[in-house]
Amino acid sequence: MMFRLCLLITLLSSWSQLALAEKRLAIFLPLAISPRELEKTLKSDPSLEGIETTVFVKFDDFQESSQQKPFDFAILPSFYGSYYSDFKPIFRLKNGNAETFHYLILSIEKQWTLEKINEGTVGIVDEFGRENMKRYISTIIKNRDIKKLKRVTKYDDIFPLLAMGNAHYTMIPQNLMSYLKEKYKSNPIEVAQSEEVQNPAIYARVSSGDSKNPDFSKLSSNSLKALGFDGLARLP
Amino acid sequence: MTRWILIFILGLAGFRPALARDILIARRSHDIVEQFADSLQKKLSKNYSLSQFIYEQDNSKAEQELYESILKEKPKAMLLLDNKAVSMAKHLYDSHPELMQTPSVATLGLNLKNLIDSQKYPMAGVAYEVSGFSLVTQYRYLFEQPVDNVLVLYRSKNSLQSLIEDARKQLERERISLIAVDIDKLSSAGTDLTDVISSQLKEDHQGKAIQAVWVFSDNGLLKPEFFKQAWELKAQKLPIPFLCTIEELLKQFQFCTFAVYPNHEDLAVQTSDMLRSILEDGIKPSELGVEYVISNKTAIKQGLMDQLHLRPIAERLNQTQVFP
């Protein structure tokens, strides 16, 4: 009897540890810091203890990894939920009180004005895959029929796209402008701003269930800073 | 009844009758090209069926075989993965005008910006050479070094002038002056190029201090006899870094302090997107032309860095490879 009880306790304990260890968090965001650095910061955050955290720079890598083994949680651009329904947003990342941002639309030659955007090629970082990016752009730049879209896989490549003439315009979240200025000395022209876009969110996988979720409201200020934000808003 | 059973069994076995393929990849038999073709297949196979025409570099009948392959597969478009494939496709467009309906996108070839006339042929492409802009701005950012003047040696007769002019304009915006020395203008028949190259590799030019040398990837200038006696010797002697766009030059020799070279995985995205914009968005190859490769990898040579007292900014190293 005693032996059976011990066996049961051991099994239950290993099962609960396994269940906790199995929780996986993915991050795919436009980042101004290296993914390795972000991963290191998040791994030292006590609120994420026992959670396997992986940072992705490229959308395709995130998608491929999710398909092989789904993540339980993910920190992703806000429109992700519109295109892929398996995730439900639970927290919105904030900067001060702001829960939204704009993309800046930049060009490098005066001739490429907002009026000519339909004729030109627009460069953007791939956040949702080729097809969804077209839908996304038509949502955030209204009344313009942008036909030529050029996607790159990471923000490191967005300015060269413009500087080397592969695109006539590029779009960059306003908070990444300082990174661009640190790296390049060219003076791009700010052609326009996109519609307001909601900040990235923390998502929970719908089919993953709610048990033993980490308490994201306790994410450390270091983690939030590394993600490029300073607060969180709980979503209904 | 037997016929329906047969159809049902074949269906279960995933049998597909011989169908025309959407995209034909023309490539030589080579490990790196094969890996690249695999990446392209991965990016495109969700929406398209693909087939490959693989040839040996010395196959003199490859062009005819490519033509037969096109007739058999009837592709909607072609992907050309080296200079030979580009050259064969151009001949076929010339000799079989009906093929002008089949657009192609090329990459992994050298000098594609000059070899492909997108106004004449239904061809677009991604140049395989890393631009001077990418090389120099990445170096400046990683090492946080002031870079005002960069030296490059090139040969105008090799029709590479346009790449130099592009780089000059692009770097000017970055407040970097490109000092481009045309070796063809300094040499004539019988001139010892080793001496010419050697005399031009110096730390000041036209009264301007040079902060880096861009080693232009031109086989003619980097021949083994010039390489040993001029390039390598000068790279080890001068107090300025030599920047390369070929990984092997950094790995194998005490020559390049820093290298930037194409990221094949991302190049596959750039190439396949170009093809999809032709097939799906109705964009003409002439509107696309040949564009620069955007995404690159970086590497540094520790020994030369130490010699030049250069230190990269640690948090910017990211995925930079470090070689001893």
Side-chain angles (χ1 to χ4, degrees), chain A residues 31-38 40-41 55 57-61 63-64 67 108-109 119-121 123-126 129-131 133-134 145-168 170 179-189 226, chain B residues 39 42-44 46-47 126-127 130-135 137-138 140-142 144 146-148 163 166-167 169-176 260 263 265-270 272-274 276-277 280-283 287-296 298 313-320:
Chain A
L31 293 170
I33 67 163
S34 84
R36 217 180 294 168
E37 233 181 297
L38 176 59
K40 211 170 118 189
T41 309
V55 178
V57 179
K58 298 177 187 174
F59 175 76
D60 280 352
D61 292 346
Q63 283 295 96
E64 203 179 303
Q67 275 157 15
I108 209 157
E109 286 172 14
E119 296 167 39
T121 303
I124 191 158
V125 171
D126 187 8
R130 190 175 187 273
E131 293 313 313
M133 282 310 286
K134 284 190 197 171
D145 181 20
I146 295 167
K147 289 194 185 93
K148 296 180 210 164
L149 204 62
K150 193 144 283 182
R151 60 184 180 137
V152 288
T153 57
K154 54 190 192 296
Y155 270 97
D156 263 352
D157 298 334
I158 199 78
F159 189 72
L161 202 60
L162 195 62
M164 296 196 290
N166 291 21
H168 306 108
T170 56
Y179 161 71
L180 213 67
K181 283 182 178 160
E182 198 179 12
K183 193 164 180 181
Y184 301 102
K185 289 186 182 174
S186 305
N187 288 318
I189 303 158
Chain B
S39 293
K42 212 169 128 189
K43 311 271 174 239
L44 291 162
K46 277 183 203 156
N47 304 71
V126 184
V130 169
S131 73
F133 171 86
S134 294
L135 180 66
T137 53
Q138 295 258 51
R140 181 179 65 182
Y141 181 65
L142 182 61
E144 215 165 63
V147 182
D148 302 315
L163 294 179
D166 280 357
K169 200 172 133 194
Q170 292 158 5
L171 287 170
E172 227 168 54
R173 285 200 206 107
E174 288 292 318
R175 294 168 219 166
I176 295 169
V260 177
N263 176 333
E265 191 60 33
D266 288 350
L267 178 59
V269 175
Q270 194 178 348
S272 56
D273 271 10
M274 197 177 230
R276 290 184 70 180
S277 66
E280 295 166 25
D281 306 333
I283 295 172
E287 293 176 71
L288 296 166
V290 177
E291 59 185 38
Y292 280 102
V293 56
I294 286 291
S295 180
N296 301 304
T298 50
I313 307 293
E315 58 268 27
R316 292 179 187 170
L317 270 171
N318 205 359
Q319 291 179 10
T320 302

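Throughout, a chain's letter reflects where its sequence line sits, starting with A, and its residues are numbered from 1. Note that the structure is a prediction, hence the values are computed from the model and not measured.
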Got a second to check how far [X]'s [atom1] is from [Y]'s [atom2], nearest 0.5 Å?
X      : Y      : atom1 : atom2 : result
A/Y184 : B/R175 : OH    : CZ    : 14.5 Å
B/Q319 : A/D156 : CD    : CG    : 9.5 Å
A/E131 : B/K46  : CD    : NZ    : 11.0 Å

Under 4.5 Å from any heavy atom of chain A - which part of [X]:
X      : answer
B/E144 : neither
B/R276 : both
B/V290 : neither
B/D166 : neither
B/I294 : both
B/Y292 : both

Heavy-atom pair of closest approach, residues [X] and [Y]:
X      : Y      : result
B/R173 : A/A163 : NH1-O, 3.4 Å
B/E174 : A/K183 : OE1-O, 4.4 Å
A/P160 : B/F133 : CA-CE2, 4.0 Å

(message) For A/E119, which atoms come within 4.5 Å of any heavy atom of chain B: side chain, backbone, both, or neither?
(response)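 Contact with chain B is absent: no heavy atom of A/E119 under 4.5 Å.
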(message) Counting only non-hydrogen atoms closer than 4.5 Å, does A/D60 touch chain B with its backbone (N, CA, C, O), its side chain (CB onward), both, or neither?
(response)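 Side chain only.
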(request) Under 4.5 Å, counting heavy-atom pairs only, tell me which of A/E37, A/K148, A/K147 racks up the most with chain B. (result)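 So the answer, after comparing A/E37, A/K148, A/K147, is A/K148.
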(request) Return the option, out of A/L149, A/D157, A/D126, with the maximum number of heavy-atom pairs under 4.5 Å with chain B. (result)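 Of the candidates given, the most pairs with chain B belong to A/D157.
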With heavy-atom distances below 4.5 Å as the criterion, would you say the side chains of [X] and [Y] are in contact?
X      : Y      : result
B/K43  : A/R130 : no
B/I176 : A/K185 : no
A/M164 : B/S134 : yes
A/K134 : B/D281 : yes

(message) Over 60° means perpendicular and under 30° means parallel, so tell me whether A/Y179 and B/Y141 are parallel, tilted or perpendicular.
(response)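 Rings of A/Y179 and B/Y141: perpendicular, over 60°.
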Which of [options] touches chain A most, by non-hydrogen pairs under 4.5 Å:
options                        : answer
B/K42, B/Q270, B/M274          : B/K42
B/T137, B/D266, B/N296, B/I283 : B/D266
B/D273, B/L317, B/L288         : B/D273

